[in-house]
Amino acid sequence: MKKEEMLIHDFDLGLICDYFGRLERQGPGSCESTIRALSFIDNISSELRIADLGCGTGGQTMVLAQNTKGTIIGLDISPDFIEKFNKNAEKLGLQNRVKGIVGSMDNLPFQKEEFDIIWSEGAIAIIGFEKGLNYWRDFLKKGGYIAITYESWFTNERPAEVEKFWVDSVPEMNTVGHNISTMQKAGYSFVAAFALPEKCWTNNYFIPQKAIQKAFLQEHFESKSAKAFVEYMNYEAELYSKYKQYYGYVFYIGRKI
């Protein structure tokens, strides 16, 4: 299979989780971007209940916890991620307010209207942008906030190479304006949107991968699937370097009407 023909869905989930579990962040992001998104949310009280869906090992969750009061539940489908999540919370002395649980973003084990904020960085594409916005809305209190990052096009037209890669991976991927409209149709008032800076991709996502790839390959005995996955991730980095003016992650913040 040529690297241009590979899809993230072609790889074993265990392999993907092992690779990303070695990283502090499982997708592009930064402390500064998390805090900036939080700045658009009013009434941050000690009574807040926050759900971080697709939390990974909790890179952004710990930043949230250090900049809010109240309690945070992180949810991810990977038991290994959640084990690391809870260890990270304990290291930072946050275990009384922050807890990770294993679960699926499209089958949430929560009560309706349980949360003041639903947070999700780099994960909503797994179940679909529109589906996630509509389904998760039920678990927000009226007037509650949703804050998510999602792959978005910055232009209406883009080179075929990068369009194929991203549309194959994220079929719903669309422009910022379209995504804001989708959010509004799902029952939210639009609060803010901003693109993640380039360093969220380079310094915090692609460069750290280089440091773990050798050990990852060795521990998987240089298997064909492990090599193909590393090749896939390196191709994603190559595409970003060539075409970053056409796309990126955008933070979308909305409020349940």
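Residue numbers count from 1 along this sequence.
- Side-chain contact check for Gln213 and Asn234: at least one donor-acceptor pair (N or O, by modelled atom type) lies under 3.5 Å.
- Note: Phe40 and Phe251 fail the aromatic proximity criterion, with ring centroids not under 6.0 Å apart.
- In this structure, Tyr247 has its ring center closer than 6.0 angstrom to the ring center of Trp166.
- Side chain to side chain, Gln60 and Asp52 meet the donor-acceptor criterion of an N or O pair below 3.5 Å.
- A 4.5 Å side-chain heavy-atom check between Ser241 and Thr202 finds every atom pair outside the cut-off.
- In this structure, CD1 in Ile72 is found 11.0 Å from CZ in Phe115, a value given to the nearest 0.5 Å.
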For this session: Apply side chain to side chain contact (heavy atoms under 4.5 Å, CB included) to the pair Trp136 and Ser120, showing each step before the final yes or no.
Result: CA-CA 11 Å; Trp136 296 350; Ser120 185; 3.8 Å; yes
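- More than 12 heavy-atom neighbours from other residues, nucleotides or ligands sit within 6.0 angstrom of CD on Glu172.
- The structure places CD of Glu121 at 7.5 Å from OG of Ser33, a figure rounded to the nearest 0.5 Å.
- Partners of Phe216 under the ring pair (Phe, Tyr, Trp, His ring centres under 6.0 Å) rule, at least two apart in sequence or in another chain, are Tyr19, His220.
- The local environment of NZ in Lys244 is crowded, with over 12 non-hydrogen atoms from other residues, nucleotides or ligands closer than 6.0 Å.
- Atom CG of Asp42 has more than 12 neighbouring heavy atoms from other residues, nucleotides or ligands inside a 6.0 Å radius.
- Heavy atoms from other residues, nucleotides or ligands lying under 6.0 Å from CD of Glu130 number 12 at most.
- In this structure, Ile146 and Lys256 have side chains that are not in contact, with every pair of non-hydrogen atoms separated by 4.5 Å or more.
- Between Tyr232 and Phe11, the ring center distance clears the sub-6.0 Å criterion.
- Atom CD of Gln111 has 12 or fewer neighbouring heavy atoms from other residues, nucleotides or ligands inside a 6.0 Å radius.
- The residue from Tyr188, Tyr145, Phe190 that alone fulfils the side chain to side chain contact (heavy atoms under 4.5 Å, CB included) condition with Ile253 is Tyr145.
- Inter-residue side-chain proximity for Phe129 and Ile148 is flagged as met; some heavy-atom pair is nearer than 4.5 Å.
- How far CG of Leu64 is from CD1 of Ile117: 7.5 Å, rounded to the nearest 0.5 Å.
- The ring-ring contact (aromatic ring centres under 6.0 Å, His included) with Tyr249 is formed by just one residue from the set Tyr150, Trp201, Phe194; it is Trp201.
- Met173 and Leu239 fall within a single hydrophobic cluster, where Ile, Leu, Val, Met, Phe, Trp and Tyr are joined by side-chain heavy atoms under 4.5 Å apart, directly or via other members.
- Atom CZ of Arg97 and atom CD of Gln66 lie 9.0 Å apart (nearest 0.5 Å).
- Between Phe154 and Tyr243, the ring center distance fails the sub-6.0 Å criterion.
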For this session: For Phe81 and Phe20, run ring-ring contact (aromatic ring centres under 6.0 Å, His included): C-alpha distance rounded to whole Å, both residues' side-chain angles, the deciding distance at 0.1 Å, then the answer.
Result: CA-CA 9 Å; Phe81 286 179; Phe20 285 111; 7.7 Å; no
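- Linking ILVMFWY side-chain heavy atoms closer than 4.5 Å, directly or via other members, places Leu38 and Val63 in two distinct hydrophobic clusters.
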For this session: Output, in order, the C-alpha distance, side-chain angles, deciding distance and verdict of side chain to side chain contact (heavy atoms under 4.5 Å, CB included) for Val250 and Asn179.
Result: CA-CA 10 Å; Val250 173; Asn179 294 335; over 6 Å; no
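- We find the NZ-OG distance between Lys164 and Ser169 to be 9.5 Å, quoted to the nearest 0.5 Å.
- Using a 4.5 Å cut-off between side-chain heavy atoms of Ile, Leu, Val, Met, Phe, Trp and Tyr, with links allowed through other members, Ile73 and Ile127 fall into the same hydrophobic cluster.
- Pairs of residues two or more places apart, or lying in two chains, that qualify as salt bridge (Lys or Arg N to Asp or Glu O under 4.0 Å) and include a residue from residues 207-226 are Arg22-Glu219.
- Counted by atom type alone, Asp106 and Ser104 present one or more donor-acceptor pairs between their side chains at under 3.5 Å.
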Exercise. Is there a salt bridge (Lys or Arg N to Asp or Glu O under 4.0 Å) between Glu161 and Lys242 once you walk through the steps?
Worked result: CA-CA 10 Å; Glu161 182 184 25; Lys242 285 167 70 175; 3.0 Å; yes
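- Within the 4.5 Å cutoff, the side chain of Ile101 has heavy atoms near those of the Phe110 side chain.
- Residues Thr155 and Arg158 are in side-chain contact: their nearest non-hydrogen atoms beyond the backbone lie under 4.5 Å apart.
- Linking ILVMFWY residues whenever their side-chain heavy atoms come closer than 4.5 Å, directly or via other members, places Val167 and Val176 in the same cluster.
- Asn86 is not listed as a side-chain neighbour of Gln95, based on a closest heavy-atom distance of 4.5 Å or more.
- When the shell of 6.0 Å around CD1 of Ile212 is examined, it contains more than 12 heavy atoms from other residues, nucleotides or ligands.
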For this session: Take Arg36 and Glu32 through the test salt bridge (Lys or Arg N to Asp or Glu O under 4.0 Å) and record every step on the way to the result.
Result: CA-CA 6 Å; Arg36 183 180 175 192; Glu32 295 83 2; over 6 Å; no
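- Residues Tyr205 and Met233 come closest through the heavy atom pair OH-CE, 3.4 Å.
- More than 12 heavy atoms of other residues, nucleotides or ligands shown are found within 6.0 angstrom of CD on Gln218.
- Salt-bridge check for Lys141 with Glu113: failed, with every basic side-chain N at 4.0 Å or more from each acidic carboxylate O.
- When every heavy atom of Trp119 is checked against every heavy atom of Ala37, the shortest pair comes out as CH2-CB, 3.8 Å.
- The hydrophobic clustering, which links ILVMFWY residues whose side-chain heavy atoms are closer than 4.5 Å, places Ile35 and Leu48 apart.
- Side-chain contact between Val98 and Met62: present, with at least one pair of heavy atoms (C-beta onward) separated by less than 4.5 Å.
- Here the side chains of Leu217 and Val230 are in contact, with some heavy-atom distance below 4.5 Å.
- Using modelled atom types, one finds a donor on one side chain and an acceptor on the other under 3.5 Å when comparing Gln26 with Thr57.
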